[in-house]
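All remarks here apply to the structure that follows.
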Amino acid sequence: MDTSLVERAQHGDESAFTALVLAIGDHFQALAYRILRDADMAQDATQQALLSIWRDLPTLRDPTRFDGWSYRILVRACRAQQRSRSSLVARSVFEYGGIESDRSAQIVDRDELERAFKRLSVDHRAVVALRYYLDLTIEQAAEMLGIPVGTATSRLHYAVKALRASVEADARTAAQGATR
């Protein structure tokens with residue numbers, strides 16, 4: 001991020017802040033969607049995060065740390081959004097491509113992953129999204145979330161373990177239902 005842009009926005013330059021929003025808005029929206037699994041909730045969380053950034057930007061001590069600081073605000077907004085709604089609308093975990101004959105298998109896989117992903121906490125979803133969607137290192141994800149590397153590593157480990165267990169449990173349930 002251009003630190004001069006951040007500094008100008010810190011001093012109330014609305015055009016600089018607009019440029020910041022244009023630079024980060026789509027990334028924020030995509031990450032919020034990956035965490036919340038609902039487009040409307042993601043949009044609300046993104047808007048709330050951007051408002052918080054505008055309000056709190058003058059308090060940012062080091063403009064070079066804007067990225068991590070702003071992503072932490074976004075994750076907090078996602079947590080607040082998650083708490084404000086009791087249920088999530090199912091969305092796909094990953095976008096699948098491929099040939100048409102594989103389409104039904106892809107849909108089943110996507111639905112299994114979606115059910116498993118929805119069972120994770122927002123904190124676990126955030127680490128998974130930062131690590132695998134944004135392709136950040138675990139150290140970068142930890143910095144973005146404002147948590148120790150060990151905590152991020154632990155959350156990622158338990159999230160992947162929970163995803164695996166959930167998918168396997170769903171497969172066993174489906175297999176048992178098919179044999180009856």
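Residues take their numbers from the sequence shown, with the count starting at 1.
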Worksheet entry | Worked check of side chain to side chain contact (heavy atoms under 4.5 Å, CB included) between Val75 and Arg79 | CA-CA 6 Å; Val75 171; Arg79 280 190 201 113; 3.8 Å; yes
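- Contact check for Ile53 versus Phe28: side-chain heavy atoms found under the 4.5 Å cut-off.
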Scan the side chains in residues 148-156 for donor-acceptor partners under 3.5 Å anywhere in the protein, sequence neighbours excluded, and list what turns up.
from: Thr153; atom 1: OG1; to: Val149; atom 2: O; distance (Å): 2.9

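- Inter-residue side-chain proximity for Val128 and Tyr133 is flagged as unmet; no heavy-atom pair is nearer than 4.5 Å.
- Taken to the nearest 0.5 Å, the CG atom of Leu50 stands 12.0 Å off from the CZ atom of Arg55.
- Applying the salt bridge (Lys or Arg N to Asp or Glu O under 4.0 Å) test to every pair with at least one member in residues 9-20, sequence neighbours left out, gives these pairs: Arg8-Asp13.
- The shortest heavy-atom contact between Ala77 and Ala45 is CB-O, 3.4 Å.
- Between Gln48 and Asp44 there is no side-chain heavy-atom pair separated by less than 4.5 Å.
- A distance of 10.5 Å separates CD in Gln82 from CG in Asp123, rounded to the nearest 0.5 Å.
- Of all non-hydrogen atoms in Ala126 and Leu145, the two that sit nearest each other are CB-CD2, 4.1 Å.
- For Arg34 (side chain) and Ala129 (main-chain N/O), no donor-acceptor pair under 3.5 Å exists by modelled atom type.
- How far OG1 of Thr59 is from CG of Leu57: 7.5 Å, rounded to the nearest 0.5 Å.
- Contact of the Arg65 side chain with the Glu143 side chain is registered, since non-hydrogen atoms from C-beta on lie closer than 4.5 Å.
- Interatomic distance, CG of Asp67 versus CZ of Arg72, reported as 10.5 Å (0.5 Å rounding).
- To the nearest 0.5 Å, atoms CG (Leu136) and OH (Tyr71) are separated by 7.5 Å.
- Between Asp56 and Trp69 there is a side-chain heavy-atom pair separated by less than 4.5 Å.
- With values rounded to the nearest 0.5 angstrom, His124 atom NE2 is found 11.0 Å from Lys161 atom NZ.
- With Glu168 contributing its side chain and Ala165 its backbone, the two residues share no donor-acceptor pair below 3.5 Å.
- A donor-acceptor pair under 3.5 Å links the side-chain atoms of Gln10 to the main chain of Leu60, judged by distance alone.
- The two atoms that bring Ile73 and Ala49 nearest to each other are CG2-O, 3.7 Å, heavy atoms only.
- Around CZ of Arg119, the count of heavy atoms belonging to other residues, nucleotides or ligands within 6.0 Å exceeds 12.
- Here the shortest heavy-atom pairing between Ile35 and Cys78 reads CG2-CB, 4.0 Å.
- Two residues are said to be in side-chain contact when any heavy atoms from C-beta on lie closer than 4.5 Å; Ile24 and Phe66 meet this criterion.
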Item to complete: Output, in order, the C-alpha distance, side-chain angles, deciding distance and verdict of side-chain hydrogen bond (donor to acceptor under 3.5 Å, both in side chains) for Asp2 and Ser4.
Response: CA-CA 6 Å; Asp2 180 8; Ser4 66; 2.8 Å; yes
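- Checking Gln43 against Thr46 by side-chain atom types alone, no donor-acceptor pair falls below 3.5 Å.
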